[in-house]
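Just below is one structure, and these are the notes that go with it.
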Amino acid sequence: MIGIAGNIGVGKTSMTEKLSKDFSCPAIFESVIDNPYLSDFYKDMNRWSFNLQIYFLYTRFESQIKLMDKNSSFIQDRTIYEDKEIFAKNLYNLGYMTKRDYSSYCSLFNSMLKFIEEPDLIIYLKANTDTLMSRIKHRNRDYELEMSSEYIHSLNIYYDKWINSIEKEKVLIIDTNNFNLFKDKDKYDSIVIDIKNKINEI
């Protein structure tokens, strides 16, 4: 089980698609396009933060359980741990989620953890705030147009804290600031070798 972790706009979905094909295993993609709360969330974070995070948590949990029941290897576009350790925690600390909602969310998250296995490897795609904002602007999703650089920067801080708390042998960090997945073939091939080496060490 491999989790592709990283901030908004860093390129997780593209990396998940490519690795899924090259490693011949199923992929779990984040529910974004069909997410009924995402557009409302960016318009009013105070009102919709809890609903959004519950939706993400549920859909990720359900997808992972289905593949675990099949005893199948898989690559996951964003892990369930990021929901709590990055996004929900950030929303709570910024004041967009109430203490009551955050407590309920954490209780549900902790109950779900009893039914899933940890990833064997987490691939952390890392980029600075300016790079992420440029990529977000370039993909031109309507609901992301008002996203602030301060929000993205705060998520980056939580990502660094979370990654540093995980055992180093279970993490592969990839700096994507000057990396184009579709053009830098040598770099990508080197990443694949690093992933195989990491897996063989487990």
Side-chain angles (χ1 to χ4, degrees), residues 1-35 37-38 41-42 52-53 55-64 67 73-91 116 118-141 143-144 147 149 151-164 166 170-184 187-192 194-195 198-199:
M1 295 188 296
I2 298 175
I4 310 298
N7 207 338
I8 300 166
V10 78
K12 296 181 301 302
T13 301
S14 296
M15 180 66 80
T16 301
E17 289 174 343
K18 193 157 178 56
L19 289 177
S20 173
K21 185 181 295 184
D22 292 342
F23 280 84
S24 300
C25 66
I28 299 176
F29 291 103
E30 186 172 36
S31 179
V32 174
I33 295 176
D34 57 344
N35 189 316
Y37 296 104
L38 203 55
F41 167 74
Y42 284 118
L52 177 77
Q53 291 307 129
Y55 180 84
F56 273 132
L57 186 65
Y58 159 71
T59 53
R60 225 181 301 279
F61 176 77
E62 183 184 44
S63 298
Q64 190 165 339
L67 287 179
S73 298
F74 60 84
I75 297 177
Q76 188 172 23
D77 174 6
R78 185 168 280 144
T79 68
I80 198 169
Y81 306 96
E82 292 162 79
D83 285 327
K84 175 179 178 288
E85 296 300 328
I86 314 300
F87 291 89
K89 184 177 289 186
N90 184 50
L91 288 169
I116 63 174
E118 293 183 0
D120 297 299
L121 177 65
I122 291 177
I123 300 172
Y124 175 40
L125 306 183
K126 185 173 183 176
N128 62 43
T129 302
D130 288 342
T131 298
L132 293 172
M133 291 302 295
S134 175
R135 291 175 183 170
I136 290 168
K137 183 179 180 180
H138 178 73
R139 65 187 187 183
N140 198 32
R141 294 176 180 173
Y143 54 83
E144 292 180 344
M147 191 180 298
S149 59
Y151 178 66
I152 293 298
H153 179 68
S154 65
L155 293 175
N156 259 352
I157 292 172
Y158 281 101
Y159 262 109
D160 287 340
K161 289 180 180 178
W162 175 61
I163 287 296
N164 288 332
I166 302 172
K170 288 191 172 186
V171 176
L172 176 63
I173 299 175
I174 300 172
D175 187 333
T176 72
N177 282 296
N178 298 301
F179 171 53
N180 186 313
L181 178 62
F182 304 104
K183 294 181 180 179
D184 302 332
K187 173 67 174 176
Y188 175 74
D189 290 342
S190 175
I191 289 170
V192 170
D194 289 341
I195 292 171
K198 280 280 190 179
I199 292 173

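Because the structure is a prediction, the values reported are computed rather than measured.
- When the options Lys12, Met1, Arg60 are evaluated for a side chain to side chain contact (heavy atoms under 4.5 Å, CB included) with Gln76, the one that passes is Arg60.
- Between Asp77 atom CG and Thr13 atom OG1 the span is 3.5 Å, to the nearest 0.5 Å.
- Taking every heavy atom of both residues into account, Glu82 and Gly6 meet most closely at OE1-N, 3.2 Å.
- To the nearest 0.5 Å, atom CZ of residue Arg78 and atom CD1 of residue Ile80 are 13.0 Å apart.
- Residues satisfying the salt bridge (charged side-chain N to carboxylate O under 4.0 Å, His left out) test with Lys18, not counting sequence neighbours, are none.
- Looking at heavy atoms from C-beta onward, Thr79 lies out of side-chain contact with Glu118 at the 4.5 angstrom threshold.
- The OG atom of Ser63 sits 10.5 Å away from the CD atom of Glu30 when rounded to the nearest 0.5 Å.
- Taking 4.5 Å as the limit, some side-chain heavy atom of Tyr81 sits within range of a side-chain heavy atom of Ile116.
- In this structure, Asn140 places its CG atom where more than 12 heavy-atom neighbours from other residues, nucleotides or ligands lie under 6.0 Å away.
- Judged purely by atom type and a 3.5 angstrom limit, Lys187 has no side-chain atom pairing as donor or acceptor with the backbone of Leu181.
- Under the 4.5 Å side-chain criterion, counting only non-hydrogen atoms from C-beta, Asp184 is not in contact with Asn178.
- In this view, Glu144 and Arg139, Arg141 satisfy the salt bridge (charged side-chain N to carboxylate O under 4.0 Å, His left out) rule, not counting sequence neighbours.
- When only modelled atom types and interatomic distance are considered, Asp175 and Asn177 share a side-chain donor-acceptor pair under 3.5 Å.
- A donor-acceptor pair under 3.5 Å is absent between the side-chain atoms of Ser134 and the main chain of Thr131, judged by distance alone.
- Within the 3.5 Å criterion, the main-chain N or O of Val10 finds no donor-acceptor partner in the side chain of Asn7.
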Walk me through whether Tyr42 and Met147 qualify under side-chain contact (heavy atoms from CB on, under 4.5 Å).
CA-CA 7 Å; Tyr42 284 118; Met147 191 180 298; 3.1 Å; yes
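- Contact detail for Ile8 and Leu132: the closest heavy-atom pair is O-CD2, 3.4 Å.
- Considering only heavy atoms from C-beta on, Phe74 stays 4.5 Å or farther from Thr16 through its side chain.
- Residues Phe179 and Tyr188 have side chains in contact (heavy-atom distance under 4.5 Å, counting atoms from C-beta outward).
- The heavy-atom pair separating Ile75 from Cys25 by the smallest distance is CG1-SG, 3.6 Å.
- Here the straight-line distance linking atom CD1 of Ile152 with atom OG of Ser149 works out to 8.5 Å at 0.5 Å rounding.
- At a threshold of 4.5 Å between non-hydrogen side-chain atoms, the residues Asp83 and Phe61 do not count as touching.
- To the nearest 0.5 Å, atom NZ of residue Lys161 and atom CD1 of residue Ile163 are 14.0 Å apart.
- Within the 4.5 Å cutoff, the side chain of Phe56 has heavy atoms near those of the Asn35 side chain.
- Rounded to the nearest 0.5 angstrom, Ile122 CD1 and Ile4 CD1 are separated by 10.0 Å.
- When all heavy atoms are compared, the tightest approach of Ala127 to Thr176 is CB-OG1, 3.5 Å.
- Remark: Lys126 engages Asp160 in a salt bridge, criterion side-chain N to carboxylate O under 4.0 Å.
- Considering only residues two or more places apart in sequence or on other chains, Tyr159 meets the ring-ring contact (aromatic ring centres under 6.0 Å, His included) condition with Tyr124.
- Of all heavy-atom pairs between Ile191 and Met15, the closest is CD1-CE, 4.4 Å.
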Begin from the C-alpha positions of Gln53 and Tyr37 and carry the test side-chain contact (heavy atoms from CB on, under 4.5 Å) through to its verdict.
CA-CA 9 Å; Gln53 291 307 129; Tyr37 296 104; over 6 Å; no
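- In this structure, the side chains of Leu172 and Ile195 come closer than 4.5 Å at one or more pairs of heavy atoms.
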Taking it one step at a time, do Asp194 and Ile174 satisfy side-chain contact (heavy atoms from CB on, under 4.5 Å)?
CA-CA 10 Å; Asp194 289 341; Ile174 300 172; over 6 Å; no
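- Heavy-atom minimum distance, Ile28 versus Gln64: CD1-CA, 3.7 Å.
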